[in-house]
*Asks:* 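One structure is given below, represented as structure tokens, and several questions about it will come after.
Per chain, numbering begins at 1; letters A, B, ... match sequence-line order. Here the structure is a predicted model, which is why all the values come from computation and not from measurement. For the numbers below, each heavy atom of this structure counts, side chains included, while hydrogens, waters and symmetry mates do not.
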Amino acid sequence: MPIGFTPLLLRCSSVELNSARRWFCSVSSNSEQLRQLIRTHTEVTRDHMTPEIQLHLITPRCSLWSAKGDDAPFTDPFWAFYWPGGQVLSRFVLDRPRLFHNKTVLDVGSGCGASAIASKLSGAHTVCANDTDPVALEAIKMNCELNGVYLDTSSDYVIGSKIGDWDVVFLGDMFYDSDFADLFNQWLPRLSRSGVNIYVGDPGRLPLVNHPLKRNLVSLFRCPLPENCLRENSGMSTGTVWKYTG
Amino acid sequence: MSGFRILVGCKRVIDYAVKVRVKPDKTGVVTEGVKHSMNPFDEIAVEEAVRMKEKKLASEIIAVSCGPQQCQETLRTALAMGVDRAIHVITEPKEYESMQPIHVSKILSKIATEEKADLVIVGKQAIDDDCNQTGQMTASLLDWPQATFASKIEKSNGDLSVMREIDGGLETIKVKVPAVLTSDLRLNEPRYATLPNIMKAKKKPLVTKKPSDYGVDITPRQEIVSVEDPPVRQAGQKVESVEELVTKLKEAGLV
């Protein structure tokens with residue numbers, strides 16, 4: 001890793017969240033340094049529910065796996081983990097290519113980009129991986145290169161906005177926060193009325209299990225989660241793909 | 001959702017590895033700038049609750065901590081270990097110094113009732129005061145059965161079968177649910193929180209309440225008179241024979 005880079009980053013991680021991200025944006029006009037950081041702290045792995053797709057992830061073999069959070073060089077690297085709700089959604093997408101062939105797909109909160117990549121592999125016409133974290137977008141680009149696909153990326157905050165142009169919207173493991181569940185409760189009916197097909201992947205997180213939104217969800221696919229998911233997800237052992245109706 | 005709803009008490013204490021120093025004015029021990037962490041027996045309680053969730057015996061775990069603002073770090077650790085949500089009952093630092101198990105158990109029992117908990121699990125004692133009272137008092141206030149010093153907890157036809165560590169060895173009892181359990185050292189080995197779980201924990205709900213929200217008065221019932229170091233151990237004397245021992249005892253005026 002370039003020597004001058006690390007100390008600056010570590011000082012940066014004690015600065016406010018958004019400042020650190022803006023700093024990343026300005027330094028990443030040459031994104032090679034960011035990519036090098038991602039390569040250093042992750043490993044390329046197929047050890048998940050979609051072994052057809054290679055991803056740069058922080059695994060138990062990486063030193064950051066046992067980091068405390070404050071000493072990680074990335075702020076909240078959600079993109080560095082393949083969350084179980086995203087895994088079950090990607091598995092479904094790869095197994096049912098007919099649903100996504102020639103469609104336009106928006107993956108909201110794309111993280112590592114797996115569901116977006118899966119839809120490209122299933123023949124989707126246009127795919128956009130959306131995540132407000134610019135580091136995630138860089139990781140997604142790297143993951144696309146690993147898997148020989150091209151897709152668009154966007155960092156806009158889309159939840160609540162009018163995006164009726166898409167055929168399909170993915171929400172892979174986005175219900176870890178009950179505030180998000182409430183936001184989706186407002187947004188998804190409007191999306192659905194404008195003709196968008198909404199697919200949700202979830203491992204049984206409480207904010208969704210207990211939410212009135214659940215009444216509008218139809219289960220399409222259910223799958224047991226692999227061992228490495230169980231260890232990190234204290235009790236959630238089944239992933240479900242839901243379709244929003246209503 | 002079937003499974004138990006479990007309430008776990010987590011106390012923030014001075015870390016077990018820190019060398020504790022008494023304050024020069026003898027009113028207490030130095031806590032300013034000293035490393036704190038979750039009471040190790042409470043970590044074991046949290047771990048047991050999480051394992052019960054993994055075995056599908058429990059469906060929701062709520063962690064509670066009483067004390068100043070920094071207790072939220074303790075609760076975030078519990079959330080990172082797998083607890084679903086947390087309640088911080090906030091007190092002023094000065095009030096916390098005089099807080100006793102009687103106050104905590106009143107708060108825990110009120111929360112257990114409000115949250116409709118099936119089990120309350122706490123560490124058998126805290127490593128700072130060694131009181132070993134909160135679990136028992138909570139059970140009494142709730143009029144629930146208690147299984148203390150638990151080293152093994154198993155489900156047994158809707159009730160619990162609990163192995164307890166007692167002076168004579170091990171005792172196994174059956175307790176009906178709802179119940180209060182206190183964890184002993186050999187119950188389990190707590191997990192370390194990994195980065196993905198620390199990140200997820202930041203999004204889990206943590207609410208702040210006051211003791212007055214539960215109708216609990218935390219006016220101290222005891223006054224700490226003084227806190228002192230244990231006396232320095234005096235050097236002993238070795239004697240060669242019983243006669244010498246008797247002589248020495250006579251000289252000291254003890255016989």
Side-chain angles (χ1 to χ4, degrees), chain A residues 17 41-42 57-86 109 111-112 133 173-182 203-211 214 225 227-238, chain B residues 1-6 8 15 35-38 43 45-63 72-86 115-116 155 188-207:
Chain A
L17 179 83
H41 287 287
T42 63
L57 299 174
I58 295 176
T59 69
R61 279 184 293 271
C62 303
S63 62
L64 281 188
W65 182 260
S66 8
K68 287 284 168 256
D70 295 332
D71 31 303
F74 309 108
T75 320
D76 287 343
F78 283 97
W79 51 266
F81 303 98
Y82 194 4
W83 303 100
C112 62
D133 182 355
D173 216 326
M174 293 292 284
F175 288 83
Y176 48 86
D177 187 333
S178 43
D179 290 339
F180 266 177
D182 292 337
R205 298 201 188 278
L206 280 172
L208 178 59
V209 165
N210 294 333
H211 203 274
K214 187 103 175 287
L225 295 174
E227 181 64 39
N228 52 14
C229 280
L230 293 181
R231 262 183 267 122
E232 290 305 313
N233 286 284
S234 45
M236 291 181 287
S237 53
T238 308
Chain B
M1 268 205 310
S2 46
F4 297 134
R5 178 173 286 134
I6 304 180
V8 185
D15 187 82
K35 182 172 184 218
H36 284 67
S37 40
M38 193 190 304
E43 279 184 332
V46 170
E47 175 66 28
E48 195 62 21
V50 174
R51 288 189 189 190
M52 287 174 86
K53 208 170 140 206
E54 286 168 346
K55 286 185 227 158
K56 309 283 184 206
L57 294 174
S59 50
E60 194 183 12
I61 312 168
I62 309 163
Q72 297 204 358
E73 288 159 25
T74 310
L75 288 170
R76 286 286 167 213
T77 304
L79 291 167
M81 285 172 72
V83 159
D84 298 298
R85 55 190 173 93
E115 297 288 345
K116 300 196 183 48
K155 196 161 180 198
N188 61 51
E189 207 179 301
R191 65 195 63 198
Y192 287 108
T194 54
L195 182 61
N197 279 318
I198 292 171
M199 283 161 51
K200 276 189 278 182
K202 290 190 206 174
K203 307 281 185 179
K204 292 185 183 176
L206 192 160
V207 300

*Asks:* Return the option, out of B/Ile61, B/Asn197, B/Asp84, with the maximum number of heavy-atom pairs under 4.5 Å with chain A.
*Replies:* B/Asn197
*Asks:* Could you tell me which portion of A/Pro60 (side chain, backbone, both or neither) has an atom closer than 4.5 angstrom to a non-hydrogen atom of chain B?
*Replies:* neither
*Asks:* Need one label for B/Lys55: side chain, backbone, both or neither, based on atoms under 4.5 Å from any heavy atom in chain A.
*Replies:* neither
*Asks:* Please name all residues satisfying side-chain hydrogen bond (donor to acceptor under 3.5 Å, both in side chains) with A/Lys214, sequence neighbours left out, ordered by chain then number.
*Replies:* none
*Asks:* Residue by residue, scan residues 74-82 of chain B and write down, ordered by number, those that have a heavy-atom distance under 4.5 Å to chain A; if none do, write 'none'.
*Replies:* B/Gly82
*Asks:* Please enumerate all residues that pass ring pair (Phe, Tyr, Trp, His ring centres under 6.0 Å) together with A/Trp83, with sequence neighbours excluded.
*Replies:* A/Phe78, A/Phe81
*Asks:* Can you name the residues that form a ring pair (Phe, Tyr, Trp, His ring centres under 6.0 Å) with A/Phe180, not counting sequence neighbours?
*Replies:* A/Tyr176, A/Phe184
*Asks:* So which of B/Lys53, B/Lys204, B/Met199 has the largest heavy-atom pair count under 4.5 angstrom toward chain A?
*Replies:* B/Met199
*Asks:* Using every non-hydrogen atom in the two residues, find where A/Ile58 and B/Leu195 come nearest and quote the distance to one decimal.
*Replies:* CD1-CD2, 4.2 Å
*Asks:* For the residue pair B/Ile198 and A/Ala67, what are the closest heavy atoms and their distance?
*Replies:* CD1-O, 3.5 Å
*Asks:* Using a cut-off of under 4.5 Å for heavy-atom pairs, which of B/Met52, B/Lys56, B/Lys200, B/Arg51 has the most such pairs with chain A?
*Replies:* B/Lys200
*Asks:* Of all the heavy-atom pairs spanning A/Asp177 and B/Lys203, show the shortest one and how long it is.
*Replies:* OD2-CD, 3.9 Å
